[in-house]
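Note that ligands are numbered from 1 as they come in the structure, with each ligand's atoms numbered from 1 the same way. Throughout, residue positions are numbered sequentially from 1 according to the sequence presented.
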Amino acid sequence: MTKITAAISAVGKYLPDHVLTNAMLENMVDTTDEWIVTRTGIKERRILKGTGKGSSYMAIRAGKDLIKKTGLDPKEIDLVIVSTATPDMQAASTAAYTATQLGAVNAFTFDLISACSSFLYGMATAARYIESGRYKKVLLIGSDMNSSMIDYEDRATCIIFGDGAGAVLFEPNVEGYGLQDEVLQTDGIGREYLQVPAGGSLMPPTLETVKNKKHFVYQDGRTVFKFAVSKMAEAAEKVLERNNLHKESIDWLAAHQANKRIVDATGRRLQLKEEQVMLNIEKYGNTTSATIPLLLNDYENQLKKGDKIIFAAFGGGFSWGAIYYIWAYNGNK
Ligand code: UT7
């Protein structure tokens, strides 16, 4: 029997119009453009404005962008996964609403929540459905409205995060392109260092939790930074080793855009040239589940069929991992 691999056949994206620049942040908290650029590489980020808009608003638009570009009939989509750390609401699936709005009426859906690793884990999950032979079109969307849980008086977090969404379509491939292998890992020690303390089952919302700002992201940046640098590179090296791949044969690194210094360090560990390391953090900041699909959108024109890509991510939990992937089409088709 021919082996089925899961390959990305199209990408799409959505970014809100409102731009929050470093200069604007200088007027909001005690920070400088110079500090932000040298410590993170970020120059600006997008923020979703307006009431009644959540992560699904952006997920739907990223999905529509992909559908428009490909002419795909949404009725043919078998599964819609929305990777997100900021679902629209508790209990109701963000993916279900997104799929219905996209006209994917024959799809089943679920949200995949694993902080900044949500999209990477989503790729591995989408691949399993395709590889089973039973599902032919899996739409994976990473969408996060980080601004909904950021305290714009906290300079340690508000300079980092942005909003956005990116979508990819996974389809079966019988020529060996697509997702080859992955290393996915977690360590629960991490929840102490990166969390939104209240709003979940552990600390349900009360007047006190609101007053004490417990619904905002708390991050011990220095500790998260150290783990991210070592774990992302470790996972990437592991996946290379397992596939007998030399570092020279890798064409691209597509790493979660948490901090330019973390991405650069991972690139150096893989002995990649600067131009092989995908980077767009300067424009969007850390968009959590959307960073990887936004990279694919921005670099699509440069990607060639057969390019070997290492995907890597690190996030809350802690959760992290790396994927070895062979690109399936010429991006400038
Ligand atoms: O995506 C999910 C995973 N998240 C990450 O991977 C994020 C990982 N962490 C980071 O990216 C970095 O740790 C940060 C960007 C969050 C912070 O950079 P850092 O180089 O680790 O800075 P730091 O927290 O060690 O702080 C250094 C100094 C401190 O001052 P003192 O104690 O040395 O006087 C901070 O108070 O910089 C100060 N500082 C700031 N100064 C100006 C912290 N935030 C700011 C700021 N502007 N926005």
Side-chain angles (χ1 to χ4, degrees), residues 20-45 83-86 113-122 142-147 149-164 166 185-196 216-236 253-267 269 279-282 284-295 311-322:
L20 177 62
T21 64
N22 289 352
M24 290 154 99
L25 283 165
E26 281 180 351
N27 292 321
M28 293 158 69
V29 290
D30 181 15
T31 193
T32 61
D33 172 56
E34 202 245 333
W35 192 96
I36 301 172
V37 172
T38 52
R39 297 291 179 121
T40 69
I42 302 166
K43 291 183 180 151
E44 56 188 44
R45 56 293 294 130
S83 290
T84 183
T86 52
I113 301 182
S114 192
C116 292
S117 301
S118 301
F119 194 83
L120 191 89
Y121 286 12
S143 182
D144 266 307
M145 186 180 170
N146 287 315
S147 61
M149 54 179 186
I150 292 297
D151 175 5
Y152 286 93
E153 292 181 346
D154 177 13
R155 69 175 184 176
T157 52
C158 74
I159 55 127
I160 302 169
F161 293 97
D163 302 338
Q185 296 185 287
T186 48
D187 186 344
I189 189 188
R191 108 166 167 180
E192 201 184 315
Y193 305 106
L194 176 50
Q195 56 172 247
V196 176
F216 292 126
V217 171
Y218 160 79
Q219 176 171 248
D220 170 353
R222 216 173 287 193
T223 305
V224 178
F225 186 93
K226 277 191 212 144
F227 270 91
V229 166
S230 70
K231 295 298 181 188
M232 227 156 65
E234 208 176 281
L253 171 67
H256 168 56
Q257 307 282 290
N259 182 319
K260 184 177 184 297
R261 286 152 59 212
I262 299 174
V263 178
D264 287 346
T266 311
R269 273 276 286 274
L279 204 72
N280 61 10
I281 192 169
E282 73 281 2
Y284 313 134
N286 179 349
T287 54
T288 304
S289 311
T291 60
I292 289 177
L294 286 175
L295 281 176
F311 289 93
F314 183 90
F318 293 132
S319 58
W320 70 94

Would you say [X] and ligand 1 have an N/O pair spaced under 3.5 Å apart?
X	answer
Gly221	yes
Asn259	yes
Gln219	yes

What distance separates [X] [atom1] from [Y] [atom2], expressed to the nearest 0.5 Å?
X	Y	atom1	atom2	answer
Phe161	Cys116	CZ	SG	6.0 Å
Ile160	Ile281	CD1	CD1	8.5 Å
Thr21	Glu26	OG1	CD	8.0 Å

Can you pull out the closest protein heavy atom to [atom]? Residue, atom name and distance to 0.1 Å, please.
atom	result
atom 16 (C) of ligand 1	Ile160 CD1, 3.5 Å
atom 2 (C) of ligand 1	Cys116 SG, 3.1 Å
atom 38 (C) of ligand 1	Arg155 NH2, 3.6 Å
atom 32 (O) of ligand 1	Arg222 NH2, 4.4 Å
atom 18 (O) of ligand 1	Trp35 CH2, 3.8 Å
atom 1 (O) of ligand 1	Asn286 ND2, 2.7 Å
atom 19 (P) of ligand 1	Arg39 NH1, 3.6 Å
atom 3 (C) of ligand 1	Val224 CG1, 3.6 Å

Measure from the side-chain N and O atoms of [X] to the backbone N and O of [Y], and report whether any donor-acceptor pair falls under 3.5 Å.
X	Y	result
Arg45	Asp163	no
Asn22	Glu34	no
Ser117	Leu120	no
Asp144	Thr86	yes
Gln257	Ala255	yes
Arg155	Asp30	yes
Ser118	Ser83	no

Where's the contact between [X] and ligand 1, heavy-atom distance under 4.0 Å: side chain, backbone, both or neither?
X	result
Phe225	both
Ile262	side chain
Thr31	both

Heavy atom of protein closer than 4.0 angstrom to atom 41 (N) of ligand 1: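 Yes, there is one.
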Closer than 4.0 Å: a protein non-hydrogen atom to atom 36 (O) of ligand 1: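 Neighbour list for atom 36 (O) of ligand 1 includes protein heavy atoms (cut-off 4.0 Å).
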Contacting atoms of ligand 1, where contact means under 4.0 angstrom from a heavy atom of Thr40: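 Under 4.0 Å from Thr40, ligand 1 has these atoms: 15 (C).
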Atoms in ligand 1 flagged as close to Ala258, the criterion being non-hydrogen separation under 4.0 Å: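 This gives 1 (O), 5 (C), 6 (O) as the contact atoms.
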Contact with ligand 1 for Asp30, non-hydrogen, under 4.0 angstrom: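 Right, Asp30 reaches ligand 1.
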Passing option when His256 is tested against Val263, Leu295, Thr287, Asn286 for side-chain contact (heavy atoms from CB on, under 4.5 Å):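 Only one of Val263, Leu295, Thr287, Asn286 forms a side-chain contact (heavy atoms from CB on, under 4.5 Å) with His256, namely Asn286.
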Asn259 versus Thr40, side-chain donor and acceptor atoms under 3.5 Å: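 Side-chain D/A pair, Thr40 to Asn259: absent.
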